[in-house]
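This structure is a prediction, so every number in the text was calculated from the model and none was measured. Along the sequence shown, the residues carry numbers beginning at 1.
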Amino acid sequence: SGDFSPENYTITTTSEITFQNIISLRNLNWEYGSPNYSDIVIVNFPNLDRITNNFTLKYEYSLREFNAPKLREIGRLIVNNNNIEKFLLPSLLSIVYGGYLRGNENLNELNLESYEGGAYNYFEIIDNNSLLTLNLENYYKIRDNAGNTYDLVISKNKSLKTINFGSELDLEAHIRIYENESLEEINFPNSSNVKSGDISISNNKILKKINFNSLKSSNYVKDKQYWHSPTIEITGNVLLEEINAPSLENFYNINVSSNQSLSDITFPELMTIHKNLTIQNNVNLSMVNMPKLETTGDKVYNSNSFLFNSNQSLNDINFDSLHKVYTSLTIENNQQLDLNDFPCNLFVLVNDGLDCTFGDINVSNNLDDTYCFQDPSLIPPIDIQSTDAYDITSDQAKLDTTIISFTKMKSRGIVWSTSPNPTIDDVNDFFSENGSLNGDYTSYMFNLQPDTTYYVRAYGEDCNEVFYGNEKDFKTLP
């Protein structure tokens, strides 16, 4: 349970050494100030379970393989500037205080298959130039008890070709993957939701494919103080050909920019972008296909919730379901794009609950800058429909209502009276308040008079006025 250092052991020949009975350590210090040859080639800790504080392996030039098959937790891990080839920790779950694997030129096999993340500080895998594949099958978070989220950085590993993330748990981390010059493919086969944090993939020179096979959604409400806007940012990958997200339905923020070889962006199931959709500077992008996308910017009223800029080859789009863009829409410098390909029943709104004014539209330098959307005459009428009253007694009754509306109701309910055409402004009439927004709701009427005919209408109030539904009448029991 104390500290370990190889200087405690005298080795005179090239050796494999096994420390059979060490179960826990405070520190494992295998560190030199400059390159050192200890003559130890393979080290095994077959029963080591935990290193409470630091595990440091630095400037060890004899060691080729390190094995700790049962090690589950490390305080801080630093593996820096070694000749090690295999670093195998298959049971490691947590690196609590972060650290890094950096500058290990010969490292070609790294087993962190059980690694889930940590609680404090970043973890970096950088400049390990013989590493070909990185499998992080269970990684999903680096977040401390206060909710701060830290980075997992994978960068400048010259031979790295494939990165695999396999966890099915909600992602809570910042993942940064950049400048891996041989990286060809990144896979997230099982991740279905990003809870907090982001995925940033940038400047990987020959990256061809990014797969989000099961990704469906992200959180979009700041339910915790530490919540970070879920974001997918894919930028500057000059040979990128595919971004696959066949199941993606809603996401907070997506930015696809400056990927010079990308020709097609297809998200077939995407319905909502809660903050920003940004697609710009993709010079060979010719097609964007999001046939089910209905809304952008609905959770944060933010400038440019829909931004398409400088995609010089873009000429084929499918936004057939796009109905609402909040705050502003910018489509500029797409020299082959005809804006008449956007649906006519698209509206750009400041918001549609408290303010009915239209938002900003910025269009310029496209093939055709004329458009048919933002036409007030195409706003569909508000439809308020109620059932007949039911569960009628001598002094009570219920009514179900459905509101279908382009705008959002800031209040809704029913109003009733012993006279026809009741209104909420009539002091002689009674009304209920049933929350806000659209959709279905049930209303209750109390303190009615026995054996009396009542007239009832549902109502909804938006940023324009109060609207009423069809009138119903019923008679209470004696």
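Between Lys324 and Glu294 there is no salt bridge, since none of the side-chain N atoms of the basic residue sits less than 4.0 Å from a carboxylate O of the acidic one. Ion pairing between a basic and an acidic side chain is recognised when a charged N comes within 4.0 Å of a carboxylate O; Glu242 and Lys208 show no such pairing. With respect to the salt-bridge test (charged N to carboxylate O, under 4.0 angstrom), the residues Asp451 and Lys475 qualify.
A centroid separation of less than 6.0 Å is found between the aromatic rings of Phe347 and Phe406. The six-membered or imidazole ring of Phe165 lies away from that of Tyr140, with a centre-to-centre distance of 6.0 Å or more. Annotation: Phe319 is in aromatic contact with Phe308 [ring centroid separation under 6.0 Å]. When ring centroids are compared, Tyr252 and Tyr220 stay outside the 6.0 Å threshold. Taking the ring centroids of His174 and Tyr122, they lie at or beyond the 6.0 Å cut-off.
Judged purely by distance below 3.5 Å, without hydrogens or angles, the side chains of Ser114 and Asn138 never pair a donor atom with an acceptor atom. Between the side chains of Asn250 and Thr272, no donor-acceptor pair of N or O atoms lies under 3.5 Å. Under the 3.5 Å distance criterion, with hydrogens and angles disregarded, no donor-acceptor pair is assigned to the side chains of Asn276 and Asn304. In summary, the side chains of Asp429 and Ser417 do present a donor paired with an acceptor at a separation below 3.5 Å, with no hydrogens or angles considered. Checking Ser386 against Thr401 by side-chain atom types alone, a donor-acceptor pair falls below 3.5 Å. With 3.5 Å as the limit, one finds a donor-acceptor pair spanning the side chains of Ser405 and Thr407. Looking only at atom types and distance, the side chain of Glu332 has no donor-acceptor partner in the side chain of Asn366 under 3.5 Å away. There is a side-chain donor-acceptor pair under 3.5 Å between Thr393 and Asp395.
Between Lys410 and Ser436, the shortest heavy-atom contact is O-CB, 3.5 Å. Taking all atoms of both residues into account, the shortest heavy-atom contact from Asn180 to Ile154 is ND2-O, 3.1 Å. Closest approach of Tyr455 and Thr418 over heavy atoms only: CE1-O, 3.4 Å. Heavy-atom minimum distance, Leu285 versus Val288: CD2-CG2, 3.8 Å. The shortest non-hydrogen separation linking Asn111 to Pro90 is OD1-CA, 3.5 Å. Contact between Leu101 and Leu107 at its shortest, heavy atoms only, is CD2-CD2, 4.2 Å.
Val194 places none of its side-chain heavy atoms less than 4.5 Å from the side chain of Asn219. At a threshold of 4.5 Å between non-hydrogen side-chain atoms, the residues Ile243 and Ile234 count as touching. Between Leu448 and Phe446 there is no side-chain heavy-atom pair separated by less than 4.5 Å. Contact annotation: the side chain of Leu337 never approaches that of Leu367 to less than 4.5 Å [non-hydrogen atoms, C-beta and beyond]. When side chains are defined from C-beta on, Tyr100 counts as touching Arg76, because their heavy atoms get closer than 4.5 Å. Proximity of Glu471 to Pro422: side-chain heavy atoms (C-beta onward) are separated by under 4.5 Å at one or more points. Two residues are said to be in side-chain contact when any heavy atoms from C-beta on lie closer than 4.5 Å; Asn289 and Phe267 fail this criterion. With contacts defined as side-chain heavy-atom distances shorter than 4.5 Å, the pair Leu399/Thr387 qualifies.
Annotation for Glu433: atom CD does not count as buried by contact number, only 12 or fewer foreign heavy atoms lying within 6.0 Å. Heavy atoms of other residues, nucleotides or ligands lying less than 6.0 angstrom from NZ of Lys216 number 12 at most. More than 12 heavy atoms of other shown residues, nucleotides or ligands fall within 6.0 angstrom of atom CZ in Phe474. Within 6.0 Å of CG on Leu378 lie more than 12 heavy atoms contributed by other residues, nucleotides or ligands. The local environment of CZ in Phe430 is sparse, with at most 12 non-hydrogen atoms from other residues, nucleotides or ligands closer than 6.0 Å.
Rounded to the nearest 0.5 angstrom, Ser258 OG and Leu240 CG are separated by 12.0 Å. Interatomic distance, Asn204 CG to Glu184 CD, rounded to the nearest 0.5 Å: 11.5 Å. Interatomic distance, OG of Ser200 versus CG of Leu152, reported as 12.0 Å (0.5 Å rounding). Residue Glu137 holds its CD atom at 11.0 Å from CD of Glu168, rounded to the nearest 0.5 Å. Atoms CE and CG, on Met290 and Leu270 in that order, are 6.0 Å from each other to the nearest 0.5 Å. From Leu92, atom CG reaches atom CZ of Phe55 across 10.0 Å, with rounding to the nearest 0.5 Å.
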Going through the checks in order, is the salt bridge (charged side-chain N to carboxylate O under 4.0 Å, His left out) test met by Asp198 and Arg176?
CA-CA 8 Å; Asp198 54 35; Arg176 308 271 187 262; 2.5 Å; yes
Using the rule given for side chain to side chain contact (heavy atoms under 4.5 Å, CB included), can you reason through Ile232 versus Asn255, listing the C-alpha separation, both sets of side-chain angles and the distance that settles it, and then say yes or no?
CA-CA 6 Å; Ile232 293 174; Asn255 178 2; over 6 Å; no
List the steps and the verdict of side chain to side chain contact (heavy atoms under 4.5 Å, CB included) for Ile361 and Phe373.
CA-CA 10 Å; Ile361 296 176; Phe373 52 82; 3.7 Å; yes
Stepwise side chain to side chain contact (heavy atoms under 4.5 Å, CB included) check, Ser313 with Asn284:
CA-CA 5 Å; Ser313 302; Asn284 287 302; 4.3 Å; yes
Let's go through Asn345 and His323 carefully: what are the C-alpha distance in whole Å and the side-chain angles of both, what is the deciding distance for side chain to side chain contact (heavy atoms under 4.5 Å, CB included) to 0.1 Å, and is it a yes or a no?
CA-CA 6 Å; Asn345 62 344; His323 191 40; 4.2 Å; yes
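Applying the side chain to side chain donor-acceptor pair (under 3.5 Å) test to Thr370 and every residue at least two apart in sequence or in another chain returns Asn340, Asp368. With sequence neighbours left out, Asp127 forms a side-chain contact (heavy atoms from CB on, under 4.5 Å) with Lys156. Under the side chain to side chain donor-acceptor pair (under 3.5 Å) criterion, Ser310 pairs with no residue, sequence neighbours left out. Listed by chain and number, the residues in a ring-ring contact (aromatic ring centres under 6.0 Å, His included) with Tyr459 amount to none (sequence neighbours excluded).
Note on residues 338-351: no pairs pass salt bridge (Lys or Arg N to Asp or Glu O under 4.0 Å), not counting sequence neighbours. Residue pairs meeting the disulfide bond (SG atoms under 2.5 Å apart) criterion with at least one partner in residues 417-450, sequence neighbours excluded, do not occur; the list is empty.
The backbone N or O of His228 sits less than 3.5 Å from a side-chain atom of Ser196, completing a donor-acceptor pair. A donor-acceptor pair under 3.5 Å is formed between the side chain of Asn282 and the backbone N or O of Asn259.
When each of Asn203, Leu160, Ile186, Leu134 is paired with Ile177, the side-chain contact (heavy atoms from CB on, under 4.5 Å) condition holds for Ile186 and for no other.
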